[in-house]
Amino acid sequence: MPDITAVTHAQNIRYDKQAEALYIIDQTLLPGEEREIRLTTLDEMVEAIRALRVRGAPAIGICAGYCMYLLARDAWTEDRQAFLRKLTEDGEALNASRPTAVNLSWAIGEMMAVARARLQEPREVLLDALYQKAVAIHEDDIAKCKAISEYGLSLLKEGDGVLTHCNAGPLATSRYGTAQGPFLLAAERGMHIRVFADETRPLLQGARLTSYELQRAGVDVTLICDNMASIVMRNGWVQACFVGCDRIAANGDTANKIGTSGVAILARHYGIPVYVLGPTSTIDMNCPDGDHIPIELRDPEEIKTLWYEKPMALPEVKCYNPSFDVTDHDLIAGIVTEKGICRAPYTESLAALFDDET
Ligand SMILES: CSC[C@H]1O[C@H](OP(=O)(O)O)[C@H](O)[C@@H]1O
């Protein structure tokens with residue numbers, strides 16, 4: 001029996017204030033096992049983000065907020081400059097865990113701003129302000145994802161087919177998700193949307209996470225290999241592509257999971273619109289274009305060994321393993337944020353999102 005709320009409200013990141021403990025669902029074990037693990041030390045936090053036990057741009061930012069609060073508790077000393085130096089160092093180490101998703105550096109920056117602003121306050125006042133900021137980052141994302149899901153759903157009609165790539169559901173965010181949120185909202189409202197989920201090699205977030213979330217929510221999801229995107233588009237089964245984002249540059253160029261740019265180029269060939277969905281915390285107005293987005297390179301051996309019982313190529317074969325690629329802004333029909341749907345020219349429409357913040 002579909003349990004939509006169990007999916008949309010999955011506690012992928014949970015902070016127990018009584019125990020002062022941070023828990024995450026270890027996403028490397030899904031879909032076979034749903035296990036919470038506790039993150040206590042900086043090394044555990046860095047490893048969890050690097051190993052994608054917690055992953056997805058917004059989720060990484062939310063986790064980083066709580067991590068910075070815990071690290072501040074450990075770094076505390078009456079010597080306030082020494083405290084700030086230690087927290088800064090820990091934040092830099094956390095930020096280095098993965099370079100592409102701007103949400104990580106954004107969340108760490110938000111927490112550091114509170115630490116600097118409250119530096120001379122008594123210990124409990126400063127720590128409470130940091131905790132409240134971490135909670136705000138988490139709760140703001142819930143509201144953002146719900147709004148993104150509503151705007152995204154406004155682009156679809158009953159019976160539409162949508163192709164998605166990687167995972168941008170509740171496991172990658174706080175609730176509902178970004179690119180997948182509209183599908184879950186449609187299910188809640190009894191609207192039939194047919195989703196084609198790319199498996200998304202080599203980390204298989206689409207197979208392991210997207211189809212796991214959507215199937216359990218009762219969404220009509222079909223899992224396909226990445227090299228099948230063209231045939232489902234050619235068959236006329238896809239009316240739109242919805243993808244997430246890890247960093248959107250000021251001109252609309254968007255970094256997302258490796259393979260996204262190929263989906264967008266295919267979609268252009270078949271005349272299918274591609275929408276990027278993500279919160280404004282994923283927009284980096286200091287990054288002028290996609291050439292300036294740092295692309296994470298992962299262990300090349302993953303190509304030959306990940307999820308396989310035995311290596312699928314000779315050990316001496318070279319591999320190249322970029323975790324993201326950049327979709328040119330001119331391939332993107334719209335960028336869906338919690339503030340609405342931005343259209344080209346993105347240099348102007350994205351900047352306008354921040355007008356009320358200047
Ligand atoms: C709403 S998640 C955004 C984005 O993050 C994912 O990358 P990863 O699984 O490596 O953290 C993927 O690119 C999603 O589209």
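First listed ligand is number 1; within each ligand, the first listed atom is number 1.
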Is [X] close enough and on-axis enough to [Y], meaning under 6.0 Å and within 45°, for cation-pi?
{"X": "Lys133", "Y": "Tyr69", "result": "no"}
{"X": "Lys339", "Y": "Tyr151", "result": "no"}
{"X": "Arg216", "Y": "Tyr212", "result": "yes"}

Pair Arg123 + Glu78, salt bridge at N-O below 4.0 Å: no
Using a strict 4.0 Å threshold on nitrogen-to-oxygen distance, state whether Lys144 and Asp140 make a salt bridge. no
Given Arg38 and Glu36, is the salt bridge (charged side-chain N to carboxylate O under 4.0 Å, His left out) satisfied, shown in steps? CA-CA 7 Å; Arg38 182 173 176 177; Glu36 265 195 337; over 6 Å; no
Any nitrogen or oxygen of [X], main chain or side chain, under 3.5 Å from a nitrogen or oxygen of ligand 1?
{"X": "Arg55", "result": "yes"}
{"X": "Asp246", "result": "yes"}
{"X": "Ala168", "result": "no"}

Of all the atoms in ligand 1, which lie at a distance below 4.0 Å from a heavy atom belonging to [X]?
{"X": "Thr178", "result": "1 (C)"}
{"X": "Ala57", "result": "2 (S), 3 (C), 5 (O)"}
{"X": "Gln205", "result": "8 (P), 9 (O), 10 (O)"}
{"X": "Ala172", "result": "1 (C), 2 (S)"}
{"X": "Gly244", "result": "15 (O)"}
{"X": "Leu52", "result": "10 (O)"}

If you count every heavy atom of other residues, nucleotides or ligands that lies below 6.0 Å from Gln18 atom CD, does the total exceed 12? no
Under 4.0 Å, heavy-atom basis, I'd like to know which part of [X] is in contact with ligand 1: side chain, backbone, both or neither.
{"X": "Thr173", "answer": "side chain"}
{"X": "Ala179", "answer": "neither"}
{"X": "Lys257", "answer": "both"}
{"X": "Arg98", "answer": "side chain"}

For [atom], find the nearest protein heavy atom and state the residue, atom name and distance (0.1 Å precision).
{"atom": "atom 15 (O) of ligand 1", "answer": "Asn256 OD1, 2.6 Å"}
{"atom": "atom 11 (O) of ligand 1", "answer": "Gly56 N, 2.8 Å"}
{"atom": "atom 12 (C) of ligand 1", "answer": "Cys166 SG, 3.5 Å"}

Show your reasoning for whether ring-ring contact (aromatic ring centres under 6.0 Å, His included) applies to His138 and Tyr66. CA-CA 9 Å; His138 195 170; Tyr66 290 121; 5.6 Å; yes
I'd like to know whether ligand 1 has Asn167 as a neighbour, heavy-atom separation below 4.0 Å. yes
Can the ring centroids of Tyr15 and Tyr23 be said to lie less than 6.0 angstrom from one another? no
With side chain to side chain donor-acceptor pair (under 3.5 Å) as the test, pick out the partner of Asn321 among Lys304, Arg298, Glu302. Glu302
Looking only at non-hydrogen atoms, the one of Pro279, Cys245, Gly259 nearest atom 3 (C) of ligand 1 is Cys245
Pair Arg55, Gln27 - check side chain to side chain donor-acceptor pair (under 3.5 Å), show working. CA-CA 8 Å; Arg55 37 81 30 213; Gln27 297 189 34; 3.0 Å; yes
